[in-house]
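Report on one structure; see the data block that follows.
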Amino acid sequence: MYGEKRLKWSVAMRSKQTILVVEDDRQLRKALTTKLDQIGYKVVSAPDGEAGLKLALDKQPDLLILDMLMPKLNGNDMLKMLRKDRRGKHIPVVVLTNDASPKSAQAAIKRGAPAYFSKASISLAEVVEVVRYHLGD
Amino acid sequence: MKLPEKMTDKVPIVHKKQVEQAQAKEEALINSLSDGIIVRDQKYKITKINLALTEMLGYTEKELIGKRTRDVIKIKNLSGTTPSEDELTTRPSQETGRPVSGTFSWSTKEGGKIIVDVVTSPYRIDGKLAGTVTVARDVSEQAAIDRAKTEFVSLAAHQLRTPLSSINWYLEMLSDDAAGKLSTNQKDYLQEVMFANQRMVALVNDLLNVSHIDLGTFAIKPVPTDIEQVIKNVVAELNNQIAQKSLHITTAFSGQVDNFLIDPQLAHIVFQNLIGNAVKYTPEGGSIDIYAILDNERLLISIDDTGYGIPKSEQDKVFHKLFRADNVVKRDTEGTGLGLYLVKAIVEKAGGTIGFVSRVNRGSTFTVEFPSTGMKKQSGSQVLAAHRKHQPQGV
């Protein structure tokens, strides 16, 4: 417990990096934001692509964790619009989805998403590893 | 068959009548069949069809005789792609001298589509190859029912993934003491729940994979791949179980296996299942030998274990869905029974073959073979899922 508190403090003091989680499933969104908050990141979240796009452009987070299959605006379309805006061009994106379509993966990677994972097959600890890798922690 | 005109004067009338009767009988027989018949010559041109075929497709005899089938009928694979000549049945049947079967979508004259199961066989006259005969059965109704069932399974499995992901992550946080310190017993029980959840995730992935295979929607993307590395990665994933059972694993590779045209994700699934089964069904202290040999003609992969084996009475069901042999179900209740069905479907769709030999309490040897040209490419809208997370691009 002490070890984790110390780690949380050191991460927060070192970076105060912001992560935006865009995920329509309430439980998954809560699990991701809780875990990343515990590790010491500042976390904001959105339940659909429309709200996610607005938040991404306003807050310009250090990392975006993005679901693909969402109501109002799906992940691929949100990413497309994000990249068209100079404020969203360079935000690193990690895609977390259960959509197994290679077209979807290719489209996301083409738009600069450096990583694409299946939610059903990745643990929270592995998500944290990926986040740390892309934030340079 | 008509007698040449110049013969009609010389052939006695009684023989002429017999020939005409035989021809009429042949016509009646061929037209009484409910399946469509296409007879072709060696240049693949249609020489004869039956009534059922004209009714199936809406074309008249005149519109088909003398033409090649695909000059008239638009033929597609079930996935919607256009099959090459080698993927159809006529050329392979003529070249191999054996019956070749397949299932395709044919367009009718009116622009509709039917699903047909075809079997094409070569035929000989006086020992010489004269052409081929195709029997075509309209299975559109059954195909529609099967498709609806498969789509339902696919949808249900897909919907299940989200709550399963949720259960996984909350269990993980609980067991990390994120909601307060747990006792050893509580952690043990949580561990059992997590294992059960992982089994459900594996089952859902397998069901989704099976539905993609049955619908023909999965992609095969061969790229130059190091087979040795793929196999070693799979063995590394199984290290814990291998160590726990003190199994001896040997691998041997021959030929340029580091640069073989194969879909790495599908290869991973194939080896994960075959090597995983060998590890699961080999008792403590046993051994598993894995060989991959590439020569000018083929890649041969062999997985040979000293495990429980498969009873002879059940060997014909090994590649069936949800099959698990009685002698292993009693020992181990895990396993979905879908792995070998998946493996066979992947291997065969990719142009390979799979076989095995097995003896109870002596072990099994599974062999997979691909032509030296590698896996056959197939376009598709879905990727099959292995039992691990995807590897990130660039990481």
Going by heavy atoms in the side chains, are B/Asp176 and A/Lys35 under 4.5 Å from each other? yes

A/Val127 versus chain B, heavy atoms under 4.5 Å apart: side chain, backbone, both or neither? side chain

Approximate separation, where rounding is to 0.5 Å, of A/Thr97 OG1 and B/Arg161 CZ: 9.0 Å

Short side-chain to backbone donor-acceptor contact, B/Glu172 and A/Ala125, under 3.5 Å: yes

Residues in side chain to side chain donor-acceptor pair (under 3.5 Å) with B/Lys344, at least two apart? B/Glu348

Just by modelled atom types, is the A/Ile122 backbone N or O under 3.5 Å from a matching donor or acceptor in the B/Trp169 side chain? yes

May I ask you to check whether over 12 heavy atoms, not counting those of A/Lys54, lie within 6.0 Å of atom NZ? no

For A/Met81, does the CE atom sit with more than 12 other heavy atoms under 6.0 Å from it, leaving out its own atoms? no

Does B/Lys187 NZ have over 12 foreign heavy atoms under 6.0 Å away? yes

Drop me the distance from A/Ser123's OG to B/Gln198's CD, to the nearest 0.5 angstrom. 9.0 Å

Value for OG (B/Ser165) from CD (A/Glu23), rounded to nearest 0.5 Å, stands at 8.5 Å

Could you check whether atom NZ of B/Lys76 has more than 12 heavy atoms from other residues, nucleotides or ligands sitting under 6.0 Å from it? yes

With heavy-atom distances below 4.5 Å as the criterion, would you say the side chains of B/Ser166 and A/Lys30 are in contact? no

A/Gln27 backbone acceptor or donor facing B/Tyr170 side chain under 3.5 Å: yes

When rounded to the nearest 0.5 Å, the distance separating CG of A/Asp67 from OG1 of B/Thr162 is 7.5 Å

